[in-house]
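Reading through the structure tokens given below for one structure.
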Amino acid sequence: MPQPFDKQWLTVDQQRAWRLLLVVMSQLPSDLNRQLQADAGLSFQDFDVLVHLRESKGNRLRIGELAEALGWERSRTSHHVARMGARGLVRRERVDGDGRGAWVIATDRGLTEQEAAAAAHVELVRRLLFTDMPEEQIHELGDTLAVITRNLGFTPREMWHVESNDENDKAQEDESGKQ
């Protein structure tokens, strides 16, 4: 019978990290979803779809590109987009010259609702993830999560590697200095 921490089991540090990650993977999406539903009537998944569309040229992506960006199966993406379309948040449009291709396009309503929800969402993300975390630890967290995403075979989109937004960073520094 294997002993709890021999080679086939996780080390004590690995076990601690794994169990903490399980709590985060369970609780964080739940808390974010609850806040978005209460404040804006959007699910966390709706918000994520709209963010990816907003960050894309013309506020649109092909269904396969959107699925890849979200890390979802194509069929899940298609079903979710159909539900969002019924609520007027997105629309589908055929890709010229491609009988099977479809664009998913954020509507004005979808962009407006996502934008209205963004400030409270960002504040909750800041509070849940970064409260009491020094800048160097935030950088290390980003590096750690980048390794994990690569291990999962997922390549973060280029926009996730945004250089410092001096204006935004300055405003945050000024705000934290007031507290």
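Judged purely by atom type and a 3.5 angstrom limit, Arg92 has no side-chain atom pairing as donor or acceptor with the backbone of Ala82. Checked by atom type and distance alone, the side chain of Ser56 pairs as donor or acceptor with a backbone atom of His52 at under 3.5 Å. With Ser26 contributing its side chain and Leu22 its backbone, the two residues share no donor-acceptor pair below 3.5 Å.
At most 12 non-hydrogen atoms from other residues, nucleotides or ligands lie less than 6.0 angstrom from CG of Asp108. Environment of CG in Asp143: crowded, with over 12 heavy atoms of neighbouring residues, nucleotides or ligands closer than 6.0 Å. Counting heavy atoms of neighbouring residues, nucleotides and ligands inside a 6.0 Å radius, atom CD of Gln45 exceeds 12 of them. For Arg94, the CZ atom sits in a loose shell: 12 or fewer heavy atoms of surrounding residues, nucleotides or ligands are nearer than 6.0 Å.
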* Working for side-chain contact (heavy atoms from CB on, under 4.5 Å), residues Arg16 and Thr11 -> CA-CA 8 Å; Arg16 176 180 173 268; Thr11 66; over 6 Å; no
* To do: For side-chain contact (heavy atoms from CB on, under 4.5 Å), just list the numbers for Arg62 and Trp103, CA-CA rounded to whole Å, side-chain angles, deciding distance to a tenth of an Å, and then say yes or no.
  => CA-CA 4 Å; Arg62 290 181 69 136; Trp103 290 107; 3.7 Å; yes
* Could you check Leu89 against Leu42 for side-chain contact (heavy atoms from CB on, under 4.5 Å), going step by step and ending with a plain yes or no? => CA-CA 10 Å; Leu89 302 172; Leu42 295 173; 3.8 Å; yes
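Contact record, Leu70 with Val49: CD1-CG2, 3.7 Å, taken as the closest heavy-atom pair. Here the closest non-hydrogen pair linking Ser43 and Leu36 is O-CD1, 4.1 Å. Here the closest non-hydrogen pair linking Gly88 and Thr107 is O-OG1, 2.6 Å. Taking every heavy atom of both residues into account, Ala117 and Gln35 meet most closely at O-NE2, 4.4 Å. Between Thr131 and Arg127, the shortest heavy-atom contact is OG1-O, 2.7 Å.
A distance of 11.0 Å separates CG in Leu145 from CZ in Arg150, rounded to the nearest 0.5 Å. Rounded to the nearest 0.5 angstrom, Asp48 CG and Asn33 CG are separated by 11.0 Å. Interatomic distance, CD1 of Ile138 versus CG of Leu129, reported as 9.0 Å (0.5 Å rounding). Here His80 contributes atom NE2 and Ser75 contributes atom OG; the two are 13.5 Å apart, rounded to the nearest 0.5 Å. Remark: Trp18 CH2 to Met25 CE distance equals 5.0 Å, nearest 0.5 Å. Rounding to the nearest 0.5 angstrom, the gap separating the CD atom in Glu123 from the CG atom in Leu128 is 10.0 Å.
Under a hydrophobic clustering in which Ile, Leu, Val, Met, Phe, Trp and Tyr are joined whenever their side-chain heavy atoms come within less than 4.5 Å, directly or via other members, Leu141 and Leu152 fall into the same cluster. A chain of hydrophobic side-chain contacts below 4.5 Å, direct or via other Ile, Leu, Val, Met, Phe, Trp or Tyr residues, connects Leu50 to Phe44. Ile105 and Val51 fall into different hydrophobic clusters, defined by Ile, Leu, Val, Met, Phe, Trp and Tyr side-chain heavy atoms under 4.5 Å apart, directly or through other members. Connection of Ile148 to Val24 is established within a shared hydrophobic cluster, with ILVMFWY side chains joined at heavy-atom distances below 4.5 Å, either directly or through further cluster members. At a threshold of 4.5 Å between side-chain heavy atoms, the hydrophobic network of Ile, Leu, Val, Met, Phe, Trp and Tyr places Val81 and Val95 in two separate groups.
Side chains of His79 and Arg76: no donor on one and acceptor on the other come within 3.5 Å.
A salt bridge between Arg34 and Asp31 is present, with a side-chain N of the basic residue lying under 4.0 Å from a carboxylate O of the acidic one. At a threshold of 4.0 Å, the pair Glu113-Arg109 counts as salt-bridged, since one of the basic side-chain nitrogens sits closer than that to a carboxylate oxygen.
The shortest distance between side-chain heavy atoms of Asp46 and Arg87 falls below 4.5 Å.
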